[in-house]
Amino acid sequence: MQKNILYYSIVVAMAGFLFGFDTVVISGANLPIKEAWNTTPWFHGTSIMSMALWGTVVGSLMGGIPCQTIGRKNTLIWVGILYFVSALGSGLAPDPYSFSFFRFIGGLGVGASTVAAPTYISEISTAQNRGKLVALYQFNLVLGILIAFISNYLLKGFDGANDWRWMLGVEAIPAAIYAVFVFSIPKSPRWLVLVKKDLKAAREVFAKIGVTNIDEEIEQINTPEPESEVKKSFLMKYKTPLILAFLIAFFNQLSGINFVLYYAPEILEIAGLASRESLYNSIAIGGINLVFTMLGMVLIDRAGRKQLIVLGSIGYIASLCMIAISFYLELGSVVLLCSILVFIASHAIGQGAVIWVFIAEIFPNNIRAYGQAFGTGTHWVFAALITLLGPVVIDYFKASPWPIFAFFAFMMVLQLIFALFYMPETKGKTLEELETQLADS
């Protein structure tokens, strides 16, 4: 693999680390904040736990605009700034309202990064390595989740009632490092060709990433649409990638992954584990997530995207059924934790490895940023809804939350049907080949 491509991909994928850290660090602060500010379930779900996700919804839905106008690189620089401001502000917030504001700011960064980072990496990589390179974003995401769980565990008892402030504020350090490093990457060559019309700059970037047939590459990118396609409405012209992006994002969240990651300590406490022990077991969740994400990265360009979703769906169904049974029959915290770990492994090797790669591949060059925004926006709308309702649902089913996981298991049966009968395989094809394939489907 060309060294420059790998370096640029790693730098950009660091946005995924901040995404993962920022998303899950709130799990350690969840109960302390609830006690410190005496929040009700509805207020806690809306303003404390899900406010960052509503920022993510806005950031992802609107992220296509800066990504297309000022470019992928400049958008990623602003992402780093937003993370930095959010981390400091959340850690120093004097009340739940200012806390919500700074969490919302961080959410904007998360949402914009899910548009800009996978789009950028997909546009500098080749058909042969695109899967594993875009999956670097997911790898960094789960690494960030693991480090957040470890950080929360280590900071428990560090400063008494202010532990949660350190848990949130420490994110400012990696945010500052990322913001500095992202200045060193070039602009996306496909963006330079299609938006800026700067062929000279595009040729320089293509040369840096090892493209030998540069003129042919630019010609393929600039190939005009057939006249029959131009006359179609936007929805009709791109209906296949739009449907695919919606479904892959919809099922990602209806697996219950964010519900488990956000409320893991609370779920484990319901099963009988003490507060610090539940935080410690959350680290096991992050570790399994990381290991199986690495396996997914190895397999994604070999087995393919479709096969990983099928495999993950089967694992989802089995593990979610076991979680529901564990609660229903009161099988204890050990069985529950093992079932959750299988669930996390199934997500990591399936949806976790595939979603950002798949959405970044299926849209044509000229609307990729907007298509990515649609797919990620769908993902984050459902993530926000599930997280908002989390405290209310957990409170309602506090005695035994098995119906929650039975519902998620049913949704994964539907995902398996989608993967088997509708989802196309995209491995080993150039972005331009996929554009033609999905336009004709």
Side-chain angles (χ1 to χ4, degrees), residues 10 13-30 49-50 52-53 56 79 83 86-87 90 103 106-107 109-111 113-114 117-118 134-156 164 166-175 177-178 252-253 255-268 278-297 312 316 319 337 340-356 376 379-380 383-384 386-387 390:
I10 290 172
M14 285 172 63
F17 177 90
L18 295 167
F19 164 12
F21 192 100
D22 189 85
T23 300
V24 171
V25 72
I26 190 68
S27 68
N30 173 22
M49 293 301 290
S50 70
L53 282 173
T56 302
V79 164
Y83 278 129
S86 172
S90 299
R103 287 294 292 167
V110 171
S113 82
T114 59
V134 179
L136 275 173
Y137 182 76
Q138 178 68 14
F139 170 79
N140 275 274
L141 190 161
V142 298
L143 179 61
I145 289 173
L146 175 60
I147 298 302
F149 279 139
I150 294 173
S151 174
N152 285 351
Y153 175 73
L154 294 176
L155 289 170
K156 181 73 173 177
W164 65 269
W166 289 97
M167 290 176 184
L168 293 161
V170 74
E171 185 188 349
I173 298 171
I177 294 171
Y178 163 76
N252 181 284
Q253 284 305 301
S255 68
I257 183 61
N258 266 33
F259 180 84
V260 171
L261 291 177
Y262 270 58
Y263 299 108
E266 191 167 352
I267 292 169
L268 292 170
S278 67
L279 281 176
Y280 178 77
N281 284 301
S282 294
I283 297 175
I285 291 173
I288 289 292
N289 203 358
L290 182 66
V291 170
F292 279 85
T293 295
M294 292 170 67
L295 181 57
M297 288 176 62
Y316 271 143
S319 58
L337 179 60
I340 289 176
L341 293 179
V342 175
F343 167 78
I344 294 295
S346 302
H347 172 79
I349 203 170
Q351 270 275 10
V354 171
I355 181 170
W356 309 116
T376 58
H379 171 279
W380 289 115
I386 288 171
T387 307

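Just so you know, these numbers come straight off a predicted model, no measurement behind them.
- Across all non-hydrogen atoms, the minimal contact from S319 to V342 is CB-CG1, 3.8 Å.
- For T56, the side-chain contact (heavy atoms from CB on, under 4.5 Å) test picks out L53, V110, W380, with sequence neighbours left out.
- Atom CH2 of W166 is separated from atom OG of S151 by 11.5 Å, given to the nearest 0.5 angstrom.
- Rounding to the nearest 0.5 Å gives a distance of 10.0 Å between CZ of F21 and CE of M167.
- I257 contributes atom CD1, which lies 6.0 Å from atom CG of N289 (distance to the nearest 0.5 angstrom).
- In this structure, N152 contributes its side chain and V25 its backbone to a donor-acceptor pair below 3.5 Å.
- Contact record, Y83 with A15: OH-O, 3.7 Å, taken as the closest heavy-atom pair.
- Residues that satisfy the side-chain contact (heavy atoms from CB on, under 4.5 Å) test with A87, not counting sequence neighbours, are E171, A172.
- In this structure, OG on S90 lies 7.5 Å from CG on D22, to the nearest 0.5 angstrom.
- One distance of note links CD of Q138 with CG of L290; it measures 10.5 Å at 0.5 Å rounding.
- Shown here for V134 and P118, the closest heavy-atom pair between the two residues is CG1-CB, 4.1 Å.
- In this view, F17 satisfies the ring-ring contact (aromatic ring centres under 6.0 Å, His included) rule with no residue, not counting sequence neighbours.
- Ring planes of W356 and Y137: perpendicular class, angle over 60° (limits at 30 and 60°).
- By the 4.5 Å heavy-atom criterion applied to side chains, H347 and V260 are not counted as neighbours.
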- Task: Check the pair L168, R103 against side-chain contact (heavy atoms from CB on, under 4.5 Å), reporting the backbone distance first and the verdict last.
- Result: CA-CA 10 Å; L168 293 161; R103 287 294 292 167; 4.0 Å; yes
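- Minimum interatomic distance between S113 and F19 (heavy atoms only, all atoms of both residues): OG-CB, 4.3 Å.
- Listed here is the closest heavy atom pair of I145 and G20: CG1-O, 3.6 Å.
- Heavy atoms from other residues, nucleotides or ligands lying under 6.0 Å from CG of L295 number more than 12.
- The line from OG1 of T293 to CG of L136 is 11.5 Å long, rounded to the nearest 0.5 Å.
- The nearest pair of heavy atoms linking L341 to I288 is O-CG2, 3.5 Å.
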